[in-house]
Amino acid sequence: MLTGITTFVIIISCFQPSYALISSGILQMSSKWGFLVRFCYEEGRRTRFSNSDQQLNYTISYFQDTCPTCTPTLLFYYDSPGQWENVYRNALTCEEKWARSPHRIKIEYPSRSSYCLRENITGRPFITCSGSRSFSQARDRWWYIAVSDCSLSQTFTVNYNFVFTNGDYFLVRHYSADEIGITECSLVSLILTFGMVCTTFVYSSLLASRRLNHETFKTFQMSVCSYFISLICLSVYYCYYGTTGKPPRSYLVAARIFEAFATSTFLGVLLSFSTGYTIVKSVMSLTAFSVLLALTGSFLLLQVCAVIWEENVFDPATVLYMYQSPPGYLLAVVYVPAWCYFIVNCVRTGLQFKRKAAFYLALGIFYSIWILCLPVMILIANAALPDYSRQKSVTITQQIVWLISYTYMLIIFLPSQSNLMFPFHLRTTKVDLGEDTPGQDNNYAVSERKASKDPTVPSYDMVVFDPGSAGKRDDAIHRMFTVENVQDNQYG
């Protein structure tokens, strides 16, 4: 399955946009005004790591003979009300958009604001203008750069190259202010998750030796490994981005796809547990399996659609991060029915099997936080947080919640006699997928059986016989007192 996902990631990764923190490209100006790039500059301050202000270095070049009368102008807009949103969303004339720009750089030869050079390339006059600009501000602020020529009467080609810097050292130099801090958090999460991956393999060996390595634990292990691969891709993306200024978008796409797979598989584990599968039931009903498949499949599909939308559809002039897209909003909405299904099943299973009530109470409360984290964070970020801190706030919060959720699950799965929360009491050879049996859930379900008053008679939590059949009862009683079945409960 992971091979198929990797192939799919490679295909999706072929779609890469050209907006970046070192941004270069060719703009075919068919209109008098066009958006180029955006960048979020950090609050202007000098630290022990940086002794320079936030800067922009730019180079604009074009063949003069394609439009002898053209004089393009770089227009700068910031994120305050009445600035960028009014300019970009409203139907203003070129002159009105030009007038609302607080900072302008005119590209012409000769120029007073830039260093311009005129040379002949293949017998054609070629003008190159370069310069720099510093930004000092009281808070983090988004800046949007557009190019304009209100006298343009024909198609005009402009080559541009922008180098944005937020300081001197690695962890801030090329990052936009809404991304500063993600690199450090991703590297720490990567190290901690590596320890969790190693722990799952140790657990798997111990559980397999007792024939307790159920499909739910294997799925959890797959989720941890997928999230670890996601963090590897994310760390490579930000480290390469920070050193070169050119983010390798394919690594970010791969990170998002593997995180989507980790989310879907971990959700599948939680929904399986909520129905009691492999904990108090050896059978999952066809209805429960269909709902589980529909929810996890829809999560995976919507997360992949959100990634594709981010890479190919959304407008960087208005959308600042993935969850501002329609698939992102829809993904947040789908979390709600998944949480309702999870809670209802936890309550119902906990009430039906009293001995596991404490386990399902803790499971329902703790993992409600994981399920509702993303929709609540999206709601808070889009409604209350400033736009320059939304992406890093959502990303860092998600990583912290992932680590806590995996850690708690590892505590639950700890194969130790002192672990009262250990969920498994059924051998892997006794668990199947099919229809629930009427009456008692199955022949290996937990039963509310009172302990014998005779101290010489042991009390067992697991009922392994069917009261309705005398023949089965005799065989079950014989099996219950064998050494093999006594060992079944040593982690119970």
Side-chain angles (χ1 to χ4, degrees), residues 189 192-193 196 216-217 219-220 222-224 226-227 259-281 284 287-289 291-300 302-303 306 323 328-385 393-414 419-424:
S189 298
L192 295 177
T193 306
M196 294 181 185
T216 46
F217 181 80
T219 306
F220 166 71
M222 187 183 301
S223 175
V224 177
S226 298
Y227 186 64
E259 183 181 2
F261 184 74
T263 302
S264 300
T265 50
F266 191 58
L267 180 66
V269 172
L270 296 179
L271 296 182
S272 298
F273 279 176
S274 70
T275 62
Y277 180 58
T278 69
I279 298 179
V280 293
K281 297 180 181 180
M284 178 182 289
T287 301
F289 179 73
V291 174
L292 185 149
L293 191 63
L295 287 174
T296 55
S298 62
F299 269 89
L300 183 60
L302 286 173
Q303 286 176 319
Y323 294 112
Y329 287 123
L330 187 59
L331 179 64
V333 171
V334 176
Y335 270 93
V336 177
W339 174 74
C340 294
Y341 181 78
F342 172 71
I343 285 297
V344 169
N345 278 289
C346 282
V347 172
R348 183 167 54 188
T349 308
L351 292 177
Q352 184 177 1
F353 300 94
K354 302 295 185 181
R355 291 182 180 271
K356 290 293 184 179
F359 171 82
Y360 278 99
L361 177 63
L363 185 76
I365 294 176
F366 193 87
Y367 285 103
S368 290
I369 299 175
W370 179 83
I371 296 176
L372 295 177
C373 171
L374 183 62
V376 171
M377 274 303 303
I378 293 175
L379 180 63
I380 294 175
N382 293 342
L385 294 181
S393 297
V394 172
T395 302
I396 293 175
T397 302
Q398 275 188 293
Q399 290 184 1
I400 293 173
V401 172
W402 268 113
L403 292 175
I404 295 174
S405 300
Y406 279 157
T407 301
Y408 186 74
M409 188 64 73
L410 288 174
I411 294 174
I412 290 177
F413 281 127
L414 177 64
N419 183 14
L420 300 179
M421 297 291 288
F422 185 79
F424 298 145

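These numbers were taken from a predicted model, which means no experiment stands behind them. For the numbers below, each heavy atom of this structure counts, side chains included, while hydrogens, waters and symmetry mates do not.
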Student: Nearest heavy-atom pair of A338 and L271: which atoms, and what distance?
Tutor: O-CD2, 4.0 Å
Student: Under 3.5 Å, is there a donor-acceptor pair between the side chain of S298 and the main chain of L295?
Tutor: yes
Student: Go through the steps to decide whether S223 and Y406 satisfy the test side-chain hydrogen bond (donor to acceptor under 3.5 Å, both in side chains), and finish with yes or no.
Tutor: CA-CA 9 Å; S223 175; Y406 279 157; 2.7 Å; yes
Student: Can you tell me how far the CG atom of L270 sits from the CG atom of L363, to the nearest 0.5 Å?
Tutor: 6.5 Å
Student: What distance do T265 atom OG1 and M222 atom CE have between them, rounded to the nearest 0.5 Å?
Tutor: 7.0 Å
Student: Quick one, L403 and T193 - any side-chain contact, counting heavy atoms below 4.5 Å?
Tutor: yes
Student: Roughly how far, to the nearest 0.5 Å, is the CG atom of L410 from the CZ atom of F220?
Tutor: 4.0 Å
Student: Would you say the side chain of V333 lies within less than 4.5 Å of the side chain of Y329, judging by non-hydrogen atoms?
Tutor: no
Student: Considering non-hydrogen atoms only, spot the tightest contact between M409 and Y367 and give its length.
Tutor: N-OH, 3.0 Å
Student: Using the benzene-type ring in the case of Trp, are the ring centres of F217 and F413 under 6.0 Å apart?
Tutor: yes
Student: Applying side chain to side chain contact (heavy atoms under 4.5 Å, CB included) between E259 and each of Q303, Q398, Q399, report the one that passes.
Tutor: Q398
Student: Using a 4.5 Å cut-off on heavy atoms from C-beta on, say whether the side chain of L292 contacts that of M284.
Tutor: yes
Student: Could you state the interatomic distance from CG (L267) to CZ (F342), rounded to the nearest 0.5 Å?
Tutor: 9.0 Å
Student: Could you measure the distance from the CD1 atom of I343 to the CD1 atom of I365? Nearest 0.5 Å is fine.
Tutor: 8.0 Å
Student: Quick one: closest heavy-atom pair of G350 and A357, and the distance?
Tutor: O-CB, 3.7 Å
Student: Under a 4.5 Å cut-off applied to non-hydrogen side-chain atoms, are I371 and F266 in contact?
Tutor: no
Student: For the side chain of Y323 and the backbone of N382, is there at least one donor-acceptor N/O pair under 3.5 Å apart?
Tutor: no
Student: Which heavy atom in K356 sits nearest to a heavy atom in V280, and how many Å separate them?
Tutor: CG-CG1, 3.5 Å
Student: Ignoring hydrogens and angles, tell me if any N or O in the side chain of T349 forms a donor-acceptor pair with the backbone of S274 under 3.5 Å.
Tutor: yes
Student: Are any of the side-chain heavy atoms of Y335 and F299 separated by less than 4.5 Å?
Tutor: yes
Student: Any donor and acceptor pair, going by atom type alone, linking the side chain of Y277 with main-chain N or O of V269 inside 3.5 Å?
Tutor: no
Student: Could you label the plane-to-plane angle of the Y408 and F366 rings as parallel, tilted or perpendicular, counting under 30° as parallel and over 60° as perpendicular?
Tutor: parallel
Student: For A262 and S226, work out which heavy atoms get closest and say how close.
Tutor: CB-CB, 3.9 Å
Student: Heavy atoms, side chains only, cut-off 4.5 Å: are Y360 and I279 in contact?
Tutor: yes
Student: Is it the case that the side chains of T278 and T216 hold a donor-acceptor pair, with the cut-off being a distance below 3.5 Å and no angle test?
Tutor: yes
Student: Hey, could you give me the CD1/CD1 distance between I369 and I404, rounded to the nearest 0.5 Å?
Tutor: 8.0 Å
Student: Flag the pair T275 / F289 as yes when at least one side-chain heavy-atom distance between them is below 4.5 Å, and no otherwise.
Tutor: no
